[in-house]
A.B. asks: 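Quick one: this structure, given as structure tokens, is what I'll be asking you about.
The structure presented is a predicted model; accordingly, all values stated were derived computationally and were not measured.
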Amino acid sequence: MFKIRRMGCNGIHDRNFHIDRKNGYDCYLLLFIKSPAVFCINGEEHYVQNGTFIIFNQCSPHNYRAADTEYVDDWIQVESDDINIPGISIIFDKPIFIGEAINIPSYFKLIYDSFLSFGNNIETENLITAMLSQLFYDDGKASFINSTPYFRELLNLRKNIYNHPEKNWNIQDMSNELYISDSYLYALYKKQFGTTCMNDVINRRLELAKQYLTDKSMSIESIAYKCGYQSVIHFSRQFCKYVGMPPGKWRKIQD
């Protein structure tokens, strides 16, 4: 689960801007660079263009500065007990040029608006998850040119699953949306993300359920329906299968 500590969009600094934090933060720092900049990583300097993304690991040193012009960025400090996402290999402490391949500023704006309006909630977490999934979809390779057919459509599908796991997802509707067969969608999605689309639905529903279960005022039945299950029995069986215990027991051990 992700929890935003602080964040900002379009932060502007003069040409003398320089950050040098020897021990970084005890959380993750996500940066999207909107101006030329210089990053010093492991003693080596990297000149980066605007349109570059980097995620600093916890306690990694931060050393970056403006490159003879004003410095502009979007940034998020994120706390997480487990930042891993199924099928995704996140690259830490390395500048990655994104350019216009993915509209990262729109993600930051949506996350910022959601955080300002509602604080740390389900929507905010889903947006962060969707952004990281789209950035690092290719098994840790920061390449945004992929030979897999329909890969843009697959990325959008996964983003929608992460944002709305409660929808009545089924593989036939998904394949119809892409105008391909069920079996072809299954094969493409598995190749692209290392998991199936329905496994993504289940995993996101159960993560959502865990968040709702921490609210003792919500009944297990209401949580099941809010997560997209038509039956509390089906929800309990699936939760037990994937988490290893019934939802009621999981709720009790969180105290």
A.B. asks: Would you compute the distance between atom NZ of K3 and atom SG of C27 and round it to the nearest 0.5 angstrom?
C.D. replies: 11.0 Å
A.B. asks: Do NZ/NE/NH1/NH2 and the carboxylate oxygens of K210 and E207 come within less than 4.0 Å?
C.D. replies: yes
A.B. asks: Is it the case that more than 12 heavy atoms not belonging to D215 sit under 6.0 Å from its CG atom?
C.D. replies: yes
A.B. asks: Out of curiosity, does F115 fall in the hydrophobic cluster containing Y25 (side-chain heavy atoms, cut-off under 4.5 Å, transitive links)?
C.D. replies: no
A.B. asks: Counting only heavy atoms from other residues, nucleotides and ligands, does the tally under 6.0 Å from CG of L116 exceed 12?
C.D. replies: yes
A.B. asks: Which heavy atom of P95 sits nearest a heavy atom of I54, and at what distance?
C.D. replies: N-CD1, 3.8 Å
A.B. asks: Rounded to the nearest 0.5 Å, how far does CD of Q49 lie from CD1 of I33?
C.D. replies: 12.5 Å
A.B. asks: If two hydrophobic side chains count as joined below 4.5 Å and joins carry through other members, does Y184 share a cluster with M198?
C.D. replies: yes
A.B. asks: Whether the side chain of S114 engages the backbone of L110 through a donor-acceptor N/O pair (distance < 3.5 Å, no angle test) should be reported.
C.D. replies: no
A.B. asks: If you define the side chain from C-beta out and look only at heavy atoms, does anything of N163 sit under 4.5 Å from L127?
C.D. replies: yes
A.B. asks: Grab the two heavy atoms, one from N50 and one from S35, that are nearest each other, plus how far apart they are.
C.D. replies: CB-N, 3.4 Å
A.B. asks: Side-chain contact, heavy-atom cut-off 4.5 Å: I41 with H46?
C.D. replies: yes
A.B. asks: Which heavy atom of C240 sits nearest a heavy atom of P246, and at what distance?
C.D. replies: SG-N, 4.0 Å
A.B. asks: Taking the side chain as every heavy atom from C-beta outward, state whether M174 and V201 have any atom pair closer than 4.5 Å.
C.D. replies: yes
A.B. asks: Taking the side chain from S222 and the backbone from S219, do they hold a donor-acceptor pair closer than 3.5 Å?
C.D. replies: yes
A.B. asks: T129 versus K159: any side-chain heavy-atom pair under 4.5 Å?
C.D. replies: no
A.B. asks: Should the heavy atoms of other residues, nucleotides or ligands under 6.0 Å from OH of Y186 be counted, would the total exceed 12?
C.D. replies: no
A.B. asks: Answer yes or no: does atom CG of N42 have more than 12 heavy-atom neighbours from other residues, nucleotides or ligands under 6.0 Å?
C.D. replies: no
A.B. asks: For the ring pair H62 and F56, is the centre-to-centre distance below 6.0 Å?
C.D. replies: yes
A.B. asks: Taking a hydrophobic cluster as the set of Ile, Leu, Val, Met, Phe, Trp and Tyr residues connected by side-chain heavy atoms closer than 4.5 Å, whether directly or through intermediates, do L29 and L135 fall within one such cluster?
C.D. replies: no
A.B. asks: If the threshold is 4.0 Å, N to carboxylate O, is there a salt bridge linking K167 and D173?
C.D. replies: no
A.B. asks: Given T124 and I4, is the side chain to side chain contact (heavy atoms under 4.5 Å, CB included) satisfied, shown in steps?
C.D. replies: CA-CA 9 Å; T124 305; I4 296 176; 3.4 Å; yes
A.B. asks: How about NZ on K22, more than 12 heavy atoms from neighbouring residues, nucleotides or ligands closer than 6.0 Å, or not?
C.D. replies: no
A.B. asks: Main chain of N57, side chain of D93: is a donor-acceptor contact present, judged purely on distance under 3.5 Å?
C.D. replies: yes
A.B. asks: Around R237, counting heavy atoms of other residues, nucleotides and ligands shown, do more than 12 lie under 6.0 Å from its CZ?
C.D. replies: no
A.B. asks: Which pair of non-hydrogen atoms, one from Y107 and one from Q134, has the smallest distance, and what is that distance?
C.D. replies: OH-OE1, 2.6 Å
A.B. asks: If we ignore hydrogens and angles and just use 3.5 Å, is the side chain of W250 paired with the main-chain N or O of G244 as donor and acceptor?
C.D. replies: no
A.B. asks: Can you confirm whether I223 sits close enough to P247 that some side-chain heavy atom of one is under 4.5 Å from a side-chain heavy atom of the other?
C.D. replies: no
A.B. asks: May I ask you to check whether Q77 and Y28 show a side-chain donor-acceptor distance below 3.5 Å?
C.D. replies: no
A.B. asks: Is the shortest side-chain N to carboxylate O distance from E70 to R15 below 4.0 Å?
C.D. replies: no
A.B. asks: Strictly by modelled atom types, are E166 and Y229 linked by a side-chain donor-acceptor pair under 3.5 Å?
C.D. replies: no
A.B. asks: Please report the closest heavy-atom contact between F235 and L206, naming both atoms and the distance.
C.D. replies: CE1-CD2, 4.4 Å
A.B. asks: Could you tell me whether the side chains of T195 and D200 share a donor-acceptor contact shorter than 3.5 Å?
C.D. replies: no
A.B. asks: When you measure from the centre of the six-membered ring of Y71, is the NZ or CZ of R65 closer than 6.0 Å and no more than 45° off the axis?
C.D. replies: no
A.B. asks: Quick one: does S236's side chain have a donor or acceptor within less than 3.5 Å of a partner on I233's backbone?
C.D. replies: no
A.B. asks: Is it the case that atom CG in D14 sees more than 12 heavy atoms from other parts of the structure closer than 6.0 Å?
C.D. replies: yes
A.B. asks: If you look at every heavy atom in Y112 and G8, which pair is closest and at what distance?
C.D. replies: CE1-CA, 4.2 Å
A.B. asks: Quick one: are I55 and F136 in side-chain contact, heavy atoms under 4.5 Å?
C.D. replies: yes
A.B. asks: Distance check, rounded to the nearest 0.5 Å: T52 atom OG1 versus I104 atom CD1?
C.D. replies: 11.5 Å
A.B. asks: With side chains defined as the heavy atoms from C-beta onward, is the minimum distance between L132 and I90 less than 4.5 Å?
C.D. replies: yes
A.B. asks: Verify the cluster assignment for W75 and V48: are they in a single hydrophobic cluster under the rule of side-chain heavy atoms below 4.5 Å apart?
C.D. replies: yes
A.B. asks: Between N23 and S60, is there a side-chain heavy-atom distance shorter than 4.5 Å?
C.D. replies: no
A.B. asks: Surrounding CZ of R21 (heavy atoms of other residues, nucleotides or ligands, distance under 6.0 Å), is the total greater than 12?
C.D. replies: yes
A.B. asks: Would you compute the distance between atom CD of E45 and atom SG of C40 and round it to the nearest 0.5 angstrom?
C.D. replies: 5.5 Å
A.B. asks: Do F2 and F108 share a hydrophobic cluster, counting only Ile, Leu, Val, Met, Phe, Trp and Tyr and linking them when any side-chain heavy atoms are less than 4.5 Å apart?
C.D. replies: yes
A.B. asks: Report the C-alpha separation of Y64 and V38 in whole Å, then their side-chain angles, then the decisive distance to 0.1 Å, and conclude whether the side chain to side chain contact (heavy atoms under 4.5 Å, CB included) test is met.
C.D. replies: CA-CA 6 Å; Y64 55 96; V38 178; over 6 Å; no
A.B. asks: Are H18 and N63 linked by a side-chain donor-acceptor pair shorter than 3.5 Å?
C.D. replies: yes
A.B. asks: Could you give me the CA-CA distance, side-chain angles and deciding distance for L157 and L185, then say whether side chain to side chain contact (heavy atoms under 4.5 Å, CB included) is met?
C.D. replies: CA-CA 11 Å; L157 173 59; L185 171 62; 4.2 Å; yes
